[in-house]
J.: 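Before I ask anything, let me first share the structure, which is written out below as C-alpha cells.
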Amino acid sequence: MTTPTLYDLERLARQAGVILRMNFGKRHRIGHKSHHIDLVTETDEEVEAFLVEQIRRQFPDHTIVAEETGVHRAGAGLWYVDPLDGTVNFAHGIPIFTVSLAFADEQGVRLGVVYDPMQDELFAAERGRGAWLNGRPIRVSQTQTLADSLLITGFPYDAWTNPENNLDHFAAFAVRTHGVRRLGSAAMDICYVAAGRADGFWELRLKPWDVAAAALIAQEAGAVVTDVQGGPLRLTGQVSILVANPHIHPQMLAVLRREPAG
Ligand code: IPD
Ligand code: CA
Ligand code: CA
C-alpha cells in the first residue's frame, strides 16, 4: 500500500482551500440534506469532487469516506474527507469554515490536517510525532478550573425536533465558565482546543469526517479526547465527543453526566 505523508495531506488541503476562498461570498445554490438546517452548496460538492479525484489518482488502493458522496471503496488505507466544515457559515457569508482531511491505517488515524483558508491557518498532526499550527508546535492550555475556562460547542442538525439538543448542557456550562462559543465548524473548534485558544469542546451526534483529523490534532497537542460518557472515541455512526485539557476534561465530564442532554 502506498502511504501518504503529512505533506500530501497539507498540499491537498491548501489546494481545496483555494477553491473555498474563490467561492466564498458568492451567491450559492443551497440544497437541504437530512434536515432543514443541514445545508449543502455547490462548493461542498466541487471541493469534495476535487479531493476524491486527487486521492484516487495518487492513492488508488485506498478507501475514501467522504461527506457528500459516501464511501469510495478500494483497499486498506482509509481517508476521511470533509470538504467544507462550516457550510451554514459559508452559505451565510461568515468566514469561519475549514477543510478537514484524515488518513487512517490499521492502528487508527495516523495523519490529520484541518485548514482554515480565510485565516491561512493549517493545523496538522502525525500520530506519535506532535501537532502543529503553520509548522509551529501547539499545546493545549493549562487552565485548571471550569470557572476560568472558555468552552466551545455546537448543536445537532435535528435540534428543532430532537429534545436531546444540547441546550441544557449549554446552559449548565454558560453559568460555570468564561463562556461558551459556537463557531460553526467542529473541526476548527477542536483545533482551537488543541492550540490552547479554548479549554474544552463537546458536541453530540457529529460524523466521523467532522472529527477524525481534529481529534488526532488535539490528542497530539495533549488534550484528552473521549466520547461524552468518558469512553473511547469511535469513528463510526454518530460521534458524540468531549475534548479538553487534562484538568478541564474530568470537570466537564461531571457536568455532562449530571445534566440531561435536552
Ligand atoms: C457541521 C459543523 C458544525 C456542527 C455540525 C456539523 P458541516 O459540519 O461542524 O459546527 O455543529 O454538527 O455537521 O455540515 O458544516 O460539514
Ligand atoms: Ca462537517
Ligand atoms: Ca461538510
Side-chain angles (χ1 to χ4, degrees), residues 12-13 16-17 19-20 23-24 28-52 64-71 79-102 109 112-118 123 151-162 164-167 169-170 173 180-194 197-198 200-215 217-218 227-228 233 235 237-243 261:
L12 287 170
I19 306 175
L20 290 169
N23 288 305
F24 177 67
H28 298 292
R29 177 173 51 73
I30 295 175
H32 300 265
K33 297 196 286 184
S34 60
H35 296 86
H36 180 70
I37 53 175
D38 188 2
L39 309 182
V40 58
T41 71
E42 73 290 344
T43 306
D44 297 71
E45 288 161 359
E46 184 182 340
V47 174
E48 181 157 314
F50 167 77
L51 288 171
V52 169
I64 308 167
V65 179
E67 176 172 8
E68 310 302 343
T69 54
V71 182
W79 291 71
Y80 295 96
V81 175
D82 189 338
L84 169 45
D85 188 51
T87 298
V88 174
N89 283 343
F90 185 87
H92 286 269
I94 295 177
I96 300 177
F97 50 85
T98 56
V99 48
S100 174
L101 280 179
V109 178
V113 166
V114 173
Y115 182 51
D116 166 357
M118 304 309 284
F123 298 88
L151 305 183
I152 313 180
T153 194
F155 300 92
Y157 282 131
D158 60 359
W160 286 18
T161 50
N162 188 338
E164 220 183 72
N165 59 11
N166 200 26
L167 288 172
H169 286 150
F170 178 79
F173 284 118
V180 184
R181 300 288 179 262
R182 200 294 193 233
L183 304 180
S185 160
M188 183 188 287
D189 300 343
I190 297 169
C191 288
Y192 278 20
V193 175
R197 293 173 177 174
F201 166 80
W202 85 99
E203 188 164 341
L204 309 176
R205 300 196 292 284
L206 287 165
K207 293 287 172 42
W209 48 80
D210 295 315
V211 302
I217 294 166
D227 66 20
V228 284
L233 192 74
L235 293 179
Q238 295 191 321
V239 185
S240 295
I241 185 171
L242 171 59
V243 180

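Atoms within a ligand are numbered from 1 in the order they appear, just like the ligands themselves. For the single chain, residues carry numbers from 1 onward in sequence order. Side chains are part of it too, since the values below use all heavy atoms of this structure and drop only hydrogens, waters and symmetry mates.
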J.: Using modelled atom types and a 3.5 Å cut-off, is there a donor and acceptor pairing between side-chain atoms of Asn23 and backbone atoms of Thr43?
T.: no

J.: Residues in side chain to side chain donor-acceptor pair (under 3.5 Å) with Thr87, at least two apart?
T.: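 Thr87: side chain to side chain donor-acceptor pair (under 3.5 Å) contacts with Asp44.
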
J.: For Ser185, take its heavy atoms, then give the atoms of ligand 1 lying under 4.0 Å from any of them.
T.: 9 (O), 10 (O)

J.: Using a cut-off of strictly less than 3.0 Å, determine whether Asp44 has an N/O/S atom near the Ca ion (ligand 3).
T.: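 So Asp44 does not bind the Ca ion (ligand 3) by this criterion.
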
J.: Side chains of Leu84 and Leu20, heavy atoms from C-beta outward: is any pair under 4.5 Å?
T.: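 The answer is yes, as the side chains (C-beta and beyond) meet within the 4.5 Å cut-off.
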
J.: Are side-chain N/O atoms of Asp210 and Ser100 paired as donor and acceptor at under 3.5 Å?
T.: no

J.: Of the backbone atoms (N, CA, C, O) and the side-chain heavy atoms from C-beta on, which set of Ala187 has a member under 4.0 Å from an atom of ligand 1: side chain, backbone, both, or neither?
T.: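 It is neither part, as no heavy atom is under 4.0 Å.
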
J.: Among all the protein's non-hydrogen atoms, which is closest to atom 9 (O) of ligand 1, and how far away is it?
T.: Asp85 OD1, 2.7 Å

J.: Would you call the rings of Phe97 and Phe24 parallel, tilted or perpendicular, where under 30° means parallel and over 60° means perpendicular?
T.: tilted

J.: Could you tell me, atom by atom, which parts of ligand 1 come under 4.0 Å of a heavy atom of Gly184?
T.: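 Result: 2 (C), 3 (C), 10 (O).
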
J.: Heavy atom under 4.0 Å from ligand 1: found in Val88's side chain, backbone, both, or neither?
T.: neither

J.: Using the ring of each side chain (for Trp, its six-membered ring), is His169 parallel, tilted or perpendicular to Trp202, with breaks at 30° and 60°?
T.: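 Taking Trp202 first and then His169, their aromatic rings stand perpendicular (interplane angle over 60°).
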
J.: Whether the Ser185 and Asp85 side chains hold a donor-acceptor pair (N or O, under 3.5 Å, no angle test) is what I'd like checked.
T.: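 Judged by distance alone, the side chains do pair up.
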
J.: Would you mind naming the N, O or S atom of Asp82 nearest to the Ca ion (ligand 3)?
T.: OD1

J.: Would you kindly specify which portion of Phe155 sits under 4.0 Å from ligand 1, judged on non-hydrogen atoms: side chain, backbone, both or neither?
T.: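 For Phe155, only backbone atoms sit under 4.0 Å from ligand 1.
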
J.: Using heavy-atom distances, let me know which of Glu203, Arg205, Arg182, Glu68 sits nearest atom 5 (C) of ligand 1.
T.: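 Comparing heavy atoms across Glu203, Arg205, Arg182, Glu68, the nearest one to atom 5 (C) of ligand 1 lies in Glu203.
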
J.: To which of Asp44, Leu84, Val239 does the heavy atom nearest atom 16 (O) of ligand 1 belong?
T.: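 Nearest heavy atom to atom 16 (O) of ligand 1 lies in Leu84.
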
J.: I'd like to know if the side chain of Asn166 and the backbone of Gly154 have a donor-acceptor N/O pair within less than 3.5 Å.
T.: yes

J.: Run the numbers for me: atoms of ligand 1, each under 4.0 Å from some heavy atom of Thr87, listed by number.
T.: 15 (O)

J.: Can you find a heavy atom in the side chain of Glu67 that is under 4.5 Å from one in the side chain of Pro83?
T.: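 Yes - at least one pair of side-chain heavy atoms lies under 4.5 Å apart.
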
J.: Any N/O/S atom of Glu67 sitting less than 3.0 Å from the Ca ion (ligand 2), backbone or side chain?
T.: no

J.: Give the atom numbers and elements of ligand 1 that come within less than 4.0 Å of a heavy atom of Asp82.
T.: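 With Asp82 as reference, the close atoms of ligand 1 come out as 16 (O).
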
J.: Taking the six-membered ring for Trp, are the ring centroids of Phe170 and Phe155 within less than 6.0 Å of each other?
T.: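 Judged by ring-centre distance (under 6.0 Å), Phe170 and Phe155 do meet the cut-off.
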
J.: If you have a sec, work out which protein heavy atom is nearest atom 7 (P) of ligand 1 and how many Å separate them, to one decimal?
T.: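 Of every protein heavy atom, Tyr157 OH, 3.5 Å lies nearest to atom 7 (P) of ligand 1.
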
J.: Near the Ca ion (ligand 3), is there an N/O/S atom from Gly86 that is less than 3.0 Å away?
T.: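 No.
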
J.: Which atoms of ligand 1 have any heavy atom of Ala186 under 4.0 Å away?
T.: 2 (C), 9 (O), 10 (O)

J.: Using modelled atom types only, decide if a donor and an acceptor are shared between the side chain of Ser240 and the backbone of Arg205 within a distance under 3.5 Å.
T.: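 At least one qualifying donor-acceptor pair exists.
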
J.: Suppose you place the vertex at the Ca ion (ligand 2); what is the angle out to Asp210 OD1 and Asp85 OD1, to 10°?
T.: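 The OD1/OD1 angle about the Ca ion (ligand 2) sits at 100°.
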
